[in-house]
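Taking it in order: structure first as structure tokens, then the write-up.
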Amino acid sequence: MMKDPFASHDLATRAIHSGFDPSEQHPSTVPDIVLANSFLAEPGAGFAANEIAELDQYVYTRWANPTVRMLERKVAALEGAEDALAFATGMAAITAVLLHHLSAGDHLIAGEVMYAGASELMHTMLPRFGVNVSFVDLTDPAAVQAAVQPRTRLILAETPANPILSLCDIEALAKIARQANAILAVDSTFASPIVTNPIALGAHLVIHSLTKYIGGHGDALGGIVAGKTDAIAALRRAEGVHLGGSLGPFQAWLIARGAATLPIRMQAHSESALKVARFLENHDRVARVLYPGLDSHPQHELARRQMRLPSGMLTFRLTDGAKRLKEFASQLRIFHYAVSLGHSKSLIFYLPTEDLAAKTFQLTGAARQRYDAYAGEGIFRVSIGLESADDLCADLEAALAS
Ligand SMILES: *Cc1c(COP(=O)(O)O)cnc(C)c1O
């Protein structure tokens with residue numbers, strides 16, 4: 001991939017300029033959308049994925065597309081990565097990484113609590129293909145070290161973890177992975193490239209659901225994997241081309257437009273989330289708030305070390321659990337009661353502990369006790385949007401009084 005001419009500039013500049021080269025097109029000041037699904041080729045050009053030597057030579061949009069490439073270069077620039085490969089969704093990106101690095105008989109270390117879709121995939125699908133998975137408390141590097149086996153090929157971590165906002169020490173996990181000759185892939189969706197750059201901390205791969213902060217407007221689905229040039233080219237030739245979870249050009253364009261404002265949005269999300277977290281922490285009806293920006297977060301020190309900003313996600317638990325869930329949720333005027341996260345509207349969603357802990361994460365024994373200590377009977381997961389923080393607190397105040 002061509003070297004990013006903005007590589008030495010600040011994140012705010014890279015978010016806007018990296019990836020986009022006006023001389024490649026009209027030259028308009030914003031990117032064109034190239035909707036073509038195939039491109040004129042030289043007669044005699046190769047047809048198999050492993051014959052395509054230079055993937056910047058466009059052949060077919062499932063393999064590579066100029067508009068998608070523009071987004072890939074932008075996200076790689078924001079992550080300080082050599083290259084990136086975009087997918088149709090975050091789940092497609094995670095699936096590609098799992099299938100690329102794991103074969104029958106191999107061993108995977110994953111978090112005991114992670115994004116529910118990824119957790120369910122690893123619990124139900126990977127064992128069918130003969131992959132052994134250990135679900136480990138990734139907040140504890142010693143537990144990760146103890147879980148390493150001779151055939152451990154991949155450690156899949158997520159920080160902050162969805163939904164309980166626990167953190168893992170990327171530097172410590174990277175050291176363990178390197179000693180074990182394994183790959184460390186970090187799902188950094190909750191952090192975004194503005195908050196943490198896992199590759200600078202030693203991770204081999206960083207994964208994002210572009211659907212969330214990077215797209216940032218709640219109107220497109222996407223996923224991405226960033227890493228070294230060779231690793232990304234191999235992923236493109238194998239899982240990109242053959243599984244076919246490719247991102248469409250229009251989605252890529254929307255997400256790149258969103259990404260341009262990511263640095264100022266993350267600043268605003270973080271400032272408002274801290275205000276809302278403090279408001280909730282001081283409210284009588286709130287039993288517990290988990291937010292990396294609060295001193296009360298069990299890993300606040302790690303948050304300070306590893307996160308430039310505390311980001312916009314928090315969870316809280318009411319003193320009376322879910323008993324008045326409907327009354328509370330129906331009083332909210334600004335918050336939308338909906339899943340997903342990371343865009344301009346504030347979103348709230350109740351996660352029942354029993355369902356998640358037992359069915360999705362399949363937690364038992366000490367792991368279940370750890371989860372209950374975080375989540376009790378259930379938690380509200382909140383994505384703080386870009387509305388006024390005072391209005392958000394007032395909205396919660398009114399609903400909590402109901
Ligand atoms: C949403 C999410 C995903 C999945 O992304 P999709 O784009 O919905 O497929 C993966 N990881 C995390 C942490 C997420 O929040």
Side-chain angles (χ1 to χ4, degrees), residues 1-7 14 18-21 24 46 48-103 118 153-157 170 174 177-178 181-189 192-193 196-210 214 222-249 251-252 255-256 259:
M1 190 174 82
M2 69 168 196
K3 198 175 153 359
D4 175 26
F6 302 96
R14 273 182 268 159
S18 290
F20 172 50
D21 180 357
E24 286 178 351
N50 60 12
E51 288 175 34
I52 312 288
E54 176 51 77
L55 280 157
D56 275 327
Q57 185 186 316
Y58 300 108
V59 178
Y60 188 54
T61 285
R62 172 153 43 79
W63 303 354
N65 167 284
T67 312
V68 180
R69 219 47 207 120
M70 178 268 299
L71 173 67
E72 289 169 345
R73 293 192 300 228
K74 187 185 290 294
V75 176
L78 289 175
E79 280 296 2
E82 289 178 6
D83 203 354
L85 173 60
F87 291 88
T89 63
M91 279 308 298
I94 292 170
T95 305
V97 168
L98 293 172
L99 295 189
H100 190 76
H101 291 286
L102 298 165
S103 302
R153 296 277 183 267
L154 178 68
I155 300 176
L156 180 63
I170 297 170
R178 277 166 209 277
N181 232 345
I183 296 288
L184 173 64
V186 176
D187 181 338
S188 194
T189 299
S192 90
T196 304
N197 292 127
I199 288 173
L201 299 170
H204 298 85
L205 298 172
V206 52
I207 303 171
H208 288 282
S209 167
L210 298 169
I214 296 177
I224 203 157
V225 181
K228 288 212 181 297
T229 305
D230 290 353
I232 297 301
L235 194 63
R236 184 187 300 275
R237 265 188 223 106
E239 284 69 25
V241 172
H242 294 145
L243 297 183
S246 315
L247 185 65
Q251 267 62 31
I255 292 164

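Since the structure is predicted, the reported quantities are computational estimates derived from the model, not experimental observations.
Separation of atoms CD (E79) and NE2 (H208) is listed at 3.5 Å; rounding is to 0.5 Å. T95 OG1 to F87 CZ: the interatomic distance, rounded to the nearest 0.5 Å, is 9.0 Å. Atoms CZ and NE2, from R62 and H242 in turn, are 7.5 Å apart once rounded to the nearest 0.5 Å. Separation of atoms CG (L205) and CD1 (I232) is listed at 6.0 Å; rounding is to 0.5 Å. For the atom pair I170 CD1 and L184 CG, the distance stands at 7.5 Å (nearest 0.5 Å). The CZ atom of R73 sits 10.0 Å away from atom CZ of F20, with the distance rounded to the nearest 0.5 Å.
Minimum heavy-atom separation, K74 to A259: CD-CB, 3.8 Å. Closest approach of I207 to V97, counting heavy atoms only: CD1-CG2, 4.0 Å. Scanning all heavy atoms of the two residues, the minimum distance from V206 to S188 falls at CG2-CB, 3.7 Å. Across all their heavy atoms, A96 and L243 have their closest contact at CA-CD1, 4.3 Å. Residue A203 comes nearest to V186 through the heavy atom pair CB-CG2, 3.8 Å, listed as atom of the first residue, atom of the second, then distance. Minimum interatomic distance between S18 and F6 (heavy atoms only, all atoms of both residues): OG-CB, 3.6 Å.
A salt bridge links R236 to E72: one of the charged nitrogens lies within less than 4.0 Å of a carboxylate oxygen.
Contact check for P193 versus I214: side-chain heavy atoms found under the 4.5 Å cut-off. Looking at heavy atoms from C-beta onward, V75 lies in side-chain contact with L71 at the 4.5 angstrom threshold. A 4.5 Å side-chain heavy-atom check between L247 and I224 finds every atom pair outside the cut-off.
Every residue meeting the side-chain contact (heavy atoms from CB on, under 4.5 Å) condition with A7, not counting sequence neighbours, appears here in chain and number order: K3, D4.
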Subject >> side-chain contact (heavy atoms from CB on, under 4.5 Å) evaluation trace for D83 with R69 >> reply: CA-CA 10 Å; D83 203 354; R69 219 47 207 120; 3.2 Å; yes
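Judged purely by atom type and a 3.5 angstrom limit, N65 uses its side chain to pair as donor or acceptor with the backbone of V68. For the pair T189 (side chain) and S209 (backbone), a donor-acceptor distance under 3.5 Å is present.
Exactly one residue among R178, R153, H101 makes a side-chain contact (heavy atoms from CB on, under 4.5 Å) with I183. That residue is H101.
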